[in-house]
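From a predicted model like this one, the values you see are computed outputs, not experimental measurements. What you see below is based on every heavy atom in this structure, not just the backbone, and it leaves out hydrogens, waters and symmetry mates. Order of listing sets the numbers, starting from 1, for every ligand and every atom in it.
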Amino acid sequence: MRAHVITYGCQMNEYDTHTIRSELVAGGHHLVDHPDDANLILINTCAVRGKPVEKVVSLLGEFRKAKRAGRDLTVGMMGCLAQLEEGQEIARKFEVDVLLGPGAITDVHDALKAVDAGRERYESLRFKTDLDTLIPPAPDALTGFLTIMRGCDHHCTYCIVPTTRGPEVSRPVDAILAEAEAMRDAGVQEVVLLGQNVNSYGLKDDDLPSFAELLRRVAQVGIPRVKFTTSHPMNFSSDVIDAIAEEPNVANYIHLPVQSGSDRVLRRMAREYRRERYLDIVREIRAKVDDVVLSTDVIVGFPGETDEDFEATLSLFEEVGYEHAYMFAYSARPGTPSAEHFEDLPRETKIARLQRLIDLQKRYAFDANRRWIGRRARVLIREIQREGDYAMGHSDQNHTVLVPKDQVTRLGLHDVEVTQATPHTLYGTVAGRDATAIPLAVAS
Ligand code: SAH
Ligand code: SF4
Ligand code: F3S
């Protein structure tokens with residue numbers, strides 16, 4: 001078939017898309033870049049907030065219309081929404097042919113066979129616990145995603161992810177190291193260790209090392225840059241901070257979702273730490289890790305959040321001085337405890353608070369970025385703008401960095417002298433490049 005995969009959601013979904021694309025190619029199908037050229041379209045969905053769900057619904061509406069008008073098209077829904085009753089209802093309504101939960105994407109071949117044999121709809125929603133398949137990195141990939149664990153054992157009251165992704169399962173350490181070595185040998189410049197809570201790695205299994213130990217062992221494989229996401233503050237222990245500080249190729253970028261600055265709200269969210277514990281972790285990170293950039297996830301307008309609670313979030317942002325943040329208005333997800341038991345705040349209240357926080361955060365980001373002017377950053381240049389004048393990459397601290405594209409003849413790691421800053425971007429000039437950078441002719 002001529003297959004096209006559309007991806008929403010987080011990096012776990014990007015990784016799963018990479019897996020399913022590899023599976024499709026292995027099964028003899030062709031990947032096409034544009035949905036109009038496809039006769040198989042798979043949508044890898046996200047259900048964490050209302051918005052990504054609305055996007056899927058509108059796409060499915062278009063595809064149903066095209067099918068009814070006679071287009072030969074098989075449509076699949078995969079990923080987190082497919083795992084939920086909400087998604088299954090949507091799938092029935094829009095006549096989706098294939099439904100694969102996030103733990104079942106490797107069932108795609110059985111699914112296509114069943115549909116080919118005339119079955120009206122194929123569904124697989126099992127949670128596969130064997131996470132051992134080695135998916136080779138895409139050719140010329142600069143960044144490789146490497147799943148180290150899946151699922152989540154926390155029960156944050158607002159969150160649908162434990163329902164969609166199932167309980168925590170850690171991958172065996174040998175499989176992880178083998179995959180990292182394959183990436184290194186293929187010339188991958190940056191590996192991102194993935195999991196809903198990477199620092200719970202191995203906690204349930206005596207035979208596995210801790211996350212700190214695993215991080216050191218992956219770092220020592222020798223890929224030039226190692227990142228990881230996401231960390232939960234609960235198990236973010238000193239040994240993880242030491243590993244980041246001491247292993248030179250572990251990026252000095254830490255994403256540490258806080259969700260709220262108010263203890264009362266944290267309690268109602270069932271987050272297992274309090275403001276002071278979180279701030280202790282931040283102080284230890286800032287003291288030990290040079291030039292560290294901290295980012296976070298935060299929810300504003302959680303049910304029952306008072307002005308005072310929201311002020312506590314603002315003051316926490318001031319204390320931490322996040323260089324970067326993902327900020328969300330609370331979105332009630334059907335089936336979660338907070339949606340069932342608490343009353344949603346008015347939309348205007350949530351939007352007004354979100355805007356205040358965004359404005360404040362922009363100032364911290366701008367101040368932090370301005371401090372880089374005149375300094376050197378190590379940047380993984382990954383993209384040359386076709387229309388614009390720049391080449392784009394990310395620094396070791398995860399800044400987005402732009403340099404004039406005529407200074408770039410290779411993709412890969414470059415030393416960049418920072419000359420200008422905006423709240424979201426650093427601009428600079430190329431001061432040198434790493435010997436491992438890939439010539440453009442090969443990379444494109
Ligand atoms: N495992 C990660 C989070 C994955 S979901 C962690 O615990 O850090 C990514 C982010 O989406 C969360 O951190 C949270 O900030 C946001 N989020 C999750 N559910 C939400 C909801 N119902 N409304 C608004 N934002 C939500
Ligand atoms: Fe969701 Fe909480 Fe698990 Fe993160 S830790 S995925 S927010 S339940
Ligand atoms: Fe969305 Fe699932 Fe990721 S709900 S954020 S794609 S884990």
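- Salt bridge Glu284/Lys288: present, at least one basic N to carboxylate O contact under 4.0 Å.
- Without hydrogens or angle criteria, Asp116 side chain to Lys113 main chain gives no donor-acceptor distance under 3.5 Å.
- Looking only at atom types and distance, the side chain of Thr7 has a donor-acceptor partner in the side chain of Thr17 under 3.5 Å away.
- The shortest N/O to N/O separation between Thr230 and ligand 1 does not fall below 3.5 Å.
- Neither the backbone nor the side chain of Met269 comes within 4.0 Å of ligand 1, counting heavy atoms alone.
- Note on ligand 3: Ala47 sits in its first shell, one or more heavy atoms being nearer than 4.0 Å.
- The shortest N or O to N or O distance between Tyr330 and ligand 1 is not below 3.5 Å.
- A donor-acceptor contact under 3.5 angstrom links the side chains of Glu247 and Gln220, judged on distance only.
- Ring planes of Tyr330 and Phe302: perpendicular class, angle over 60° (limits at 30 and 60°).
- Distance check for His232 against atom 2 (Fe) of ligand 2: none of its N/O/S atoms falls below 2.8 Å.
- The shortest contact between atom 7 (O) of ligand 1 and any protein heavy atom is with Arg271 NH1, 3.5 Å.
- Of the heavy atoms in Ile299, only side-chain atoms (C-beta onward) come closer than 4.0 Å to ligand 1.
- Each of the atoms 2 (Fe), 4 (S), 6 (S), 7 (S) of ligand 3 lies under 4.0 Å from some heavy atom of Cys80.
- Each of the following atoms of ligand 2 lies closer than 4.0 Å to a heavy atom of Cys159: 1 (Fe), 6 (S), 7 (S), 8 (S).
- Arg333 forms no cation-pi arrangement with Tyr158, by the criterion of a distance under 6.0 Å to the ring centre and an angle within 45° of the ring axis.
- Aromatic rings from Tyr273 and Phe236 are positioned such that their centres are separated by 6.0 Å or more.
- Atoms of ligand 1 found under 4.0 Å from any heavy atom of Asp297, numbered from 1 in the order shown, are 9 (C), 10 (C), 12 (C), 13 (O), 15 (O).
- Nearest protein heavy-atom contact of atom 4 (Fe) of ligand 2 is Arg271 NH1, 4.3 Å.
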Is there a side-chain hydrogen bond (donor to acceptor under 3.5 Å, both in side chains) between Thr143 and Glu190 once you walk through the steps? CA-CA 5 Å; Thr143 298; Glu190 170 185 82; 2.8 Å; yes
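- Screening Val240, Asn197, Val198 for a side chain to side chain contact (heavy atoms under 4.5 Å, CB included) involving Ser231 leaves a single residue, Val198.
- Across all their heavy atoms, Asn13 and Thr45 have their closest contact at ND2-O, 2.9 Å.
- Both the sub-6.0 Å distance and the 45° axial angle are satisfied by Arg370 relative to the ring of Phe366.
- If you look at His154 next to ligand 1, there are no close heavy atoms at all, none under 4.0 Å.
- Looking at Pro162 against ligand 2, only its side chain comes within 4.0 Å, counting heavy atoms.
- Here the heavy atom of the protein found nearest to atom 2 (Fe) of ligand 2 is Cys156 SG, 2.3 Å.
- Salt-bridge check for Arg356 with Glu311: passed, with a basic side-chain N closer than 4.0 Å to an acidic carboxylate O.
- Close approach to Ala329 involves these atoms of ligand 1, each under 4.0 Å from a residue heavy atom: 24 (C).
- Here's the thing with Tyr158: one of its N/O atoms is less than 3.5 angstrom from an N/O atom of ligand 1.
- Ring geometry, His232 versus His154: the interplanar angle falls under 30°, so the pair is classed parallel (tilted spans 30 to 60°).
- The protein non-hydrogen atom at the shortest distance from atom 5 (S) of ligand 1 is Val48 CG2, 3.9 Å.
- At a heavy-atom distance under 4.0 Å, only side-chain atoms of Arg333, from C-beta outward, approach ligand 1.
- Set against the non-hydrogen atoms of Val161, the atoms of ligand 2 under 4.0 Å away are 6 (S).
- Within ligand 3, counting atoms from 1 as listed, the ones closer than 4.0 Å to a heavy atom of Gln196 are 7 (S).
- Atom 1 (Fe) of ligand 3 has an N, O or S atom of Cys46 closer than 2.8 Å.
- If you look at Pro257 next to ligand 1, the close heavy atoms, those under 4.0 Å, all belong to the side chain.
- The aromatic rings of His18 and Tyr15 stand perpendicular to each other, their planes meeting at an angle above 60°, with 30° marking the opposite boundary.
- Counting the atoms of ligand 3 from 1 in the order shown, those under 4.0 Å from a heavy atom of Asn13 are 6 (S).
- A distance of 6.0 Å or more separates the ring centres of Tyr364 and Phe317.
- Between Tyr253 and His255, the ring planes lie parallel to each other; the angle is under 30°, not in the 30° to 60° tilted range.
- Metal site remark for atom 3 (Fe) of ligand 3: Cys10 contributes an N, O or S atom at a distance under 2.8 Å.
- Salt-bridge check for Arg121 with Glu123: passed, with a basic side-chain N closer than 4.0 Å to an acidic carboxylate O.
- At least one N or O atom of Gln196, backbone or side chain, sits closer than 3.5 Å to an N or O atom of ligand 1.
- From the protein, the heavy atom lying nearest to atom 3 (Fe) of ligand 2 is Cys152 SG, 2.3 Å.
- Looking at Asn197 against ligand 2, only its side chain comes within 4.0 Å, counting heavy atoms.
- Looking only at protein heavy atoms, the nearest one to atom 17 (N) of ligand 1 is Arg49 NH1, 3.4 Å.
- Electrostatic pairing of Lys204 and Asp153 counts as a salt bridge here, judged by a charged N lying under 4.0 Å from a carboxylate O.
- Closest protein heavy atom to atom 14 (C) of ligand 1: Gln259 OE1, 3.5 Å.
- Nearest protein heavy-atom neighbour of atom 7 (S) of ligand 2: Tyr158 OH, 3.3 Å.
- Closest protein heavy atom to atom 22 (N) of ligand 1: Ser331 O, 2.7 Å.
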